[in-house]
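Below is one structure, written out as structure tokens; the observations come after it.
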Amino acid sequence: MMCSEKRTFGLTRATGPAMRVCLAAFLAACGGGEQEAVDSGVVGESITPIAIQNVTVIDAVDGPRQGQTVVVQGDRITAVGPDAAVPEGAQVVDGSGRYLIPGLWDMHVHLTYDARFTEAMPRLFLSYGITSVRDTGGLLDELLPVIDAMRAEGAVAPRVFFSGPLLDGEFVVYDGVGRPEIGVPNPTPEEARARVAELVEAGADFIKIYEMVTPEVFAAFVEAARERGLPIASHVPLSMRASQAAPHVNSMEHLRNVELDCSADAEELLEARLEILDGHEGGAGAQLRSRLHTLQRLRAVDTYDQARCDEVLASMDSTVQVPTLRLNSFGIQPPFRQPGWADALDRAPASVTEEWEAATAAALAGAEESDLTFAEWSLFLVGRMHRAGVPIGAGTDTPIGFAMPGYSLHDELSLLVRAGLSPLEALRSATLRPAEFLGLDAEMGRVAEGQRADLVLLADDPLVNIANTRAIEAVVSKGRMFTPAELVGGEG
């Protein structure tokens, strides 16, 4: 392969694996710039500039723009436009017939939930175009070394933002008994305020309030976080209604407990729930939570009141909802029945692949159908939320429940469209919306001059079919270009 000073490739369009092999070969053959940067960990302005020419750019603000040149220098997009100048010595990529979107986010991940995944997660995420993640729960002593490694100079990893542990109440759901220990107790407001101070000292980007807190502890968390300028992610506490919690937090996770507030029997259900909570004297928080959900969830869905729910949704107009539909609606769209699942298993750590292959085979063998009431309700409610103007964010709870890191985000986008978002709106949920949560939308979430250099080059148009977000030919992360195959081996 010949390499001129102004590097070029792809004079004619190749598609699928052929194009990916071409790009990988190009990077290796012309490695005096980009490949050396990848191997040596060089970052910043020393990275070879990239110019992607004649590409259709798509972001949530400007929609599709054809015939664009996008220039990346270091960790910034320095020019976007049909006549953008190509820097001397740049790596030039022919984007003809291709589509360039902002780097994707997964707003709900747990990096330390399953130790088998932790080391592999960064490259898995990037191989699927996820260039930023929001870790929503892990103990600091386990999580901070992972964060430091992902943020180290030259690391091949998504940008990462973290909350620290799940901030639970007197009883902790994720207490390490029968499930990972990623939550901590906060029985009193005083302990809650001290916990926020500890998280600020540790460098947390936001906090995550969990389900077993009392209203008083919830209020203390909110006050302490607001004083320190920390965004707040939250489940709806079991002792509160969604409409009580939503106005005080920046995001709410899983849709869980919203069904109670949308019920015609909301007052009766909450009164019964409080009685059970007040009478709980000991034992696992997980068992208590599970008992309440089992007792009340389906009844609440069955007694849905639209007028009441409209009032609830109005309280959420400034609170990002992260519904994790791929988890809530698992029975409707199980991942092992979706395109690319076999490839996803191939990319996973070997210790996971064998277990998940066996579980997939058992599931496909025809287990009894599960109750899809909550799965269908979740799709319905996200559609109602979206039509009511409630902001939606894309997160997957990976690696819980067959959520393959990276792969699961594309399932989530598919389900968001199935729930009623347009493909462009679904892209917004995984690009600009997460940046807005963290107050970073001035520099992340778009394909625009001055934005961070996180991009995904697609072979096919995601606005025609959201499944085309899987057609990844290259990923730009912090100004460095990779193919999926480079990141995890094998075909991307």
Side-chain angles (χ1 to χ4, degrees), residues 108 136 166-169 173 208-219 221-222 232-278 280 285 288-325 327-329 371-393 395 397 416 419-420 437:
H108 198 119
T136 52
L166 307 178
L167 302 176
D168 229 336
V173 174
K208 169 78 172 296
I209 304 174
Y210 213 60
E211 289 183 47
M212 306 303 292
V213 299
T214 64
E216 294 76 21
V217 168
F218 177 87
F221 276 132
V222 169
I232 302 169
S234 182
H235 285 214
V236 179
L238 289 165
S239 58
M240 300 173 67
R241 292 180 185 165
S243 55
Q244 294 173 319
H248 302 288
V249 302
N250 303 92
S251 77
M252 287 171 49
E253 315 300 308
H254 305 304
L255 307 178
R256 194 173 293 149
N257 300 322
V258 177
E259 70 277 359
L260 181 145
D261 212 1
C262 285
S263 168
D265 297 340
E267 290 87 354
E268 180 184 342
L269 288 168
L270 182 59
E271 183 177 346
R273 179 174 287 186
L274 291 173
E275 184 176 346
I276 293 171
L277 289 169
D278 290 343
H280 189 72
L288 176 58
R289 182 183 72 160
S290 178
R291 177 188 174 195
L292 288 170
H293 289 165
T294 300
L295 284 171
Q296 296 189 328
R297 173 175 286 166
L298 295 185
R299 176 181 167 186
V301 171
D302 190 53
T303 54
Y304 168 77
D305 184 300
Q306 181 168 309
R308 182 184 187 91
C309 202
D310 286 345
E311 295 178 3
V312 174
L313 300 187
S315 75
M316 301 176 176
D317 62 356
S318 298
T319 306
V320 179
Q321 299 297 311
V322 184
T324 60
L325 283 174
L327 179 64
N328 287 20
S329 299
D371 187 331
L372 298 179
T373 301
F374 190 68
E376 292 168 348
W377 154 261
S378 296
L379 288 171
F380 162 78
L381 185 62
V382 169
R384 291 280 297 152
M385 287 177 164
H386 178 61
R387 291 192 297 275
V390 176
I392 306 294
D397 217 7
L416 290 175
F437 168 86

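Just so it is clear, the values below take in all heavy atoms, side chains as well, and ignore hydrogens, waters and symmetry mates.
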**OP:** Give the ring-plane orientation class for H254 versus H108, where under 30° counts as parallel, over 60° as perpendicular and anything between as tilted.
**Re:** tilted
Nearest 0.5 Å, please: how far is [atom2] in [Y] from [atom1] in [X]?
{"X": "L327", "Y": "R256", "atom1": "CG", "atom2": "CZ", "value": "7.0 Å"}
{"X": "F374", "Y": "E259", "atom1": "CZ", "atom2": "CD", "value": "5.0 Å"}
{"X": "C262", "Y": "R241", "atom1": "SG", "atom2": "CZ", "value": "11.0 Å"}
{"X": "R299", "Y": "L269", "atom1": "CZ", "atom2": "CG", "value": "4.5 Å"}
{"X": "W377", "Y": "Y304", "atom1": "CH2", "atom2": "OH", "value": "6.0 Å"}
{"X": "S290", "Y": "R297", "atom1": "OG", "atom2": "CZ", "value": "9.0 Å"}

Original post:
By salt bridge (Lys or Arg N to Asp or Glu O under 4.0 Å), which residues pair with D305, not counting sequence neighbours?
Top reply: none
Subject >> Residue pair D261, S243: steps toward the side chain to side chain donor-acceptor pair (under 3.5 Å) verdict >> reply: CA-CA 7 Å; D261 212 1; S243 55; 2.6 Å; yes
Subject >> Option from R289, E211, M252, H235 for which side chain to side chain contact (heavy atoms under 4.5 Å, CB included) with N257 holds >> reply: E211
Original post:
Do S234 and F218 come within less than 4.5 Å of each other through their side chains, counting heavy atoms only?
Top reply: yes
Original post:
Would you say the side chain of I276 lies within less than 4.5 Å of the side chain of L295, judging by non-hydrogen atoms?
Top reply: yes
Original post:
Is there a side chain to side chain contact (heavy atoms under 4.5 Å, CB included) between L260 and L238 once you walk through the steps?
Top reply: CA-CA 10 Å; L260 181 145; L238 289 165; over 6 Å; no
**OP:** Can you sort out the partners of H293 under ring pair (Phe, Tyr, Trp, His ring centres under 6.0 Å), two or more places apart, ordered by chain and number?
**Re:** none
